[in-house]
Amino acid sequence: MKPLSSIVFTALIGVLLAACDTRPAFKSTDITGVDYGRALELADPGGRVRHLEEFRGKAVVVFFGFTQCPDICPTTLAEIAGVMKKLGPDADRVQVLFVTVDPERDTPKLLADYVGAFDPRFLALRGDLAATQRVAKDFKIFFEKRKQGAGYTVDHSAQSYVLDTQGRLRLLVRHDRIASDLPDDLKILLRETP
């Protein structure tokens with residue numbers, strides 16, 4: 001049996017080590033330090049090629065989807081728009097990027113109208129199929145065209161990613177946790193100093 005002083009000492013060390021852990025307590029999945037989600041080179045609806053680097057200084061939420069998505073995409077974008085409202089003035093320090101996985105049908109005008117209906121600050125991005133595949137691969141996003149009736153739909157991953165103000169990928173947010181987790185997580189990221 002250990003002497004009481006040894007047990008107390010061990011417990012005290014455990015408390016001190018826990019107090020030294022300065023990692024933020026995110027609600028979403030903390031993926032800080034992963035080696036993916038670093039590159040993005042796609043055009044906005046005006047034809048300007050955009051890169052992640054130009055959004056430094058803002059937290060960036062990246063979501064992949066398509067305008068004819070019947071459920072997950074509009075729900076996720078509506079919930080992110082609700083998060084922006086909850087953030088108040090801090091929302092100006094957040095950039096939401098919607099990357100289409102259906103460049104065949106999602107024209108620049110359609111994309112601009114679609115994301116603008118949720119929040120005029122949201123930015124839609126698109127590329128040809130090869131560019132879309134490159135970005136999706138870098139963010140570990142699955143998407144695949146599936147025949148549906150006379151047309152098709154697109155199956156795709158539904159998570160969102162959040163980059164901090166320094167452009168580092170920090171969070172993976174499940175689509176069913178946007179409303180509950182993202183407001184607090186963005187506040188934490190926006191409070192961090194570089």
Side-chain angles (χ1 to χ4, degrees), residues 21-34 36-38 40 42 44-45 50 52 55-102 106 110-126 132 135-136 138-144 153-193:
D21 186 1
T22 58
R23 290 178 295 172
F26 293 118
K27 292 182 176 181
S28 303
T29 304
D30 185 344
I31 57 172
T32 301
V34 297
Y36 60 90
R38 296 182 180 186
L40 185 145
L42 297 168
D44 65 21
R50 309 302 288 261
L52 284 176
F55 302 108
R56 293 257 165 91
K58 291 186 173 194
V60 178
V61 179
V62 182
F63 177 65
F64 291 75
F66 64 113
T67 63
Q68 295 187 36
C69 178
D71 46 28
I72 298 292
C73 299
T75 301
T76 298
L77 289 172
E79 288 181 348
I80 296 173
V83 168
M84 297 291 274
K85 286 181 182 154
K86 284 182 184 177
L87 290 175
D90 280 339
D92 291 336
R93 297 176 53 215
V94 176
Q95 180 62 63
V96 176
L97 303 176
F98 177 78
V99 178
T100 182
V101 292
D102 188 11
D106 286 346
L110 180 59
L111 282 166
D113 292 345
Y114 183 74
V115 299
F118 294 98
D119 189 305
R121 295 171 289 198
F122 289 7
L123 183 61
L125 298 174
R126 72 183 298 277
T132 303
V135 172
D138 190 53
F139 276 87
K140 301 204 178 290
I141 294 291
F142 164 83
F143 74 96
E144 182 176 73
T153 188
V154 182
D155 290 341
H156 63 93
S157 305
Q159 73 268 21
S160 295
Y161 288 106
V162 182
L163 291 88
D164 65 17
T165 59
Q166 299 303 300
R168 298 173 299 201
L169 188 55
R170 300 289 299 276
L171 301 172
L172 180 150
V173 188
R174 290 181 9 200
H175 72 88
D176 60 336
R177 304 289 304 173
I178 295 284
S180 61
D181 297 355
L182 193 56
D184 292 334
D185 289 347
L186 282 171
K187 287 176 187 173
I188 291 169
L189 288 175
L190 292 172
R191 280 195 308 262
E192 286 183 350
T193 52

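We're numbering straight along the sequence, starting at 1. Note that these values count all heavy atoms, side chains included, but never hydrogens, waters or copies made by symmetry.
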Under the side chain to side chain contact (heavy atoms under 4.5 Å, CB included) test, which residues partner T67, sequence neighbours left out?
->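 Applying side chain to side chain contact (heavy atoms under 4.5 Å, CB included) to T67 gives D106, L110, L111, Y114.
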
Side chain to side chain contact (heavy atoms under 4.5 Å, CB included) with V115: which residues, sequence neighbours excluded?
->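 Testing V115 for side chain to side chain contact (heavy atoms under 4.5 Å, CB included), a comparison that skips the adjacent residues, returns F98, F122, A124.
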
Inter- and intrachain pairs under salt bridge (Lys or Arg N to Asp or Glu O under 4.0 Å), touching residues 58-69, at least two apart |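 Output for this query is empty, none listed.
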
Using the test salt bridge (charged side-chain N to carboxylate O under 4.0 Å, His left out), find all partners of [X] that sit at least two apart in sequence or belong to another chain.
X: R56; result: none
X: K140; result: none
X: D138; result: none

Residues T165, L190; criterion side chain to side chain contact (heavy atoms under 4.5 Å, CB included); working and verdict | CA-CA 7 Å; T165 59; L190 292 172; 4.3 Å; yes

Worked verdict on D155 versus F142 for side chain to side chain contact (heavy atoms under 4.5 Å, CB included) | CA-CA 8 Å; D155 290 341; F142 164 83; 4.1 Å; yes

Would you give me the side-chain donor-acceptor pairs under 3.5 Å for residues 71-91, sequence neighbours excluded?
from, atom 1, to, atom 2, distance (Å)
T75, OG1, D71, O, 2.8
T76, OG1, I72, O, 2.8

Please collect all ring-ring contact (aromatic ring centres under 6.0 Å, His included) contacts where either partner lies in residues 66-96, sequence neighbours excluded, each pair once.
->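 Listed once each, the pairs are F66-H156.
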
Kindly give the heavy-atom pair with the smallest separation between [X] and [Y], and that separation in Å.
X: L52; Y: G37; result: CD1-O, 3.9 Å
X: F143; Y: A136; result: CE2-CB, 3.6 Å
X: P45; Y: L123; result: CD-CD1, 4.2 Å

Would you say that [X] contacts [Y] through its side chain, given a criterion of any heavy-atom pair below 4.5 Å between the two side chains?
X: R121; Y: V94; result: no
X: F63; Y: V96; result: no
X: V61; Y: L186; result: yes
X: L97; Y: F55; result: yes
X: D44; Y: L125; result: yes
X: V60; Y: V162; result: no

Show me, pair by pair, the donor-acceptor contacts under 3.5 angstrom made by side chains of residues 170-181, not counting sequence neighbours?
from, atom 1, to, atom 2, distance (Å)
R170, NE, T32, OG1, 2.7
R170, NH1, D164, OD2, 3.0
R170, NH1, E192, OE1, 2.8
R170, NH2, E192, OE2, 3.1
R174, NE, D176, OD1, 3.0
R174, NH2, D176, OD1, 3.2
R174, NH2, D176, OD2, 2.6
R177, NE, D181, OD2, 3.0
R177, NH2, D181, OD1, 2.9
S180, OG, R177, O, 3.4

Does F26 have any ring-ring contact (aromatic ring centres under 6.0 Å, His included) partners at least two apart in sequence or in another chain, and if so, which?
->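 None.
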
What's the verdict on ring-ring contact (aromatic ring centres under 6.0 Å, His included) for Y161 and F139, showing C-alpha distance, side-chain angles and the deciding distance?
-> CA-CA 8 Å; Y161 288 106; F139 276 87; 5.7 Å; yes

Looking at residues at least two apart in the chain, or sitting in another chain, which of them share a side-chain hydrogen bond (donor to acceptor under 3.5 Å, both in side chains) with T132?
->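 Counting only residues at least two positions away or on another chain, T132 forms no side-chain hydrogen bond (donor to acceptor under 3.5 Å, both in side chains).
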
Looking at residues at least two apart in the chain, or sitting in another chain, which of them share a side-chain hydrogen bond (donor to acceptor under 3.5 Å, both in side chains) with Q95?
->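 Testing Q95 for side-chain hydrogen bond (donor to acceptor under 3.5 Å, both in side chains), a comparison that skips the adjacent residues, returns none.
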
N-O pairing of R126 and D102 below 4.0 Å |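 Salt bridge absent between R126 and D102.
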
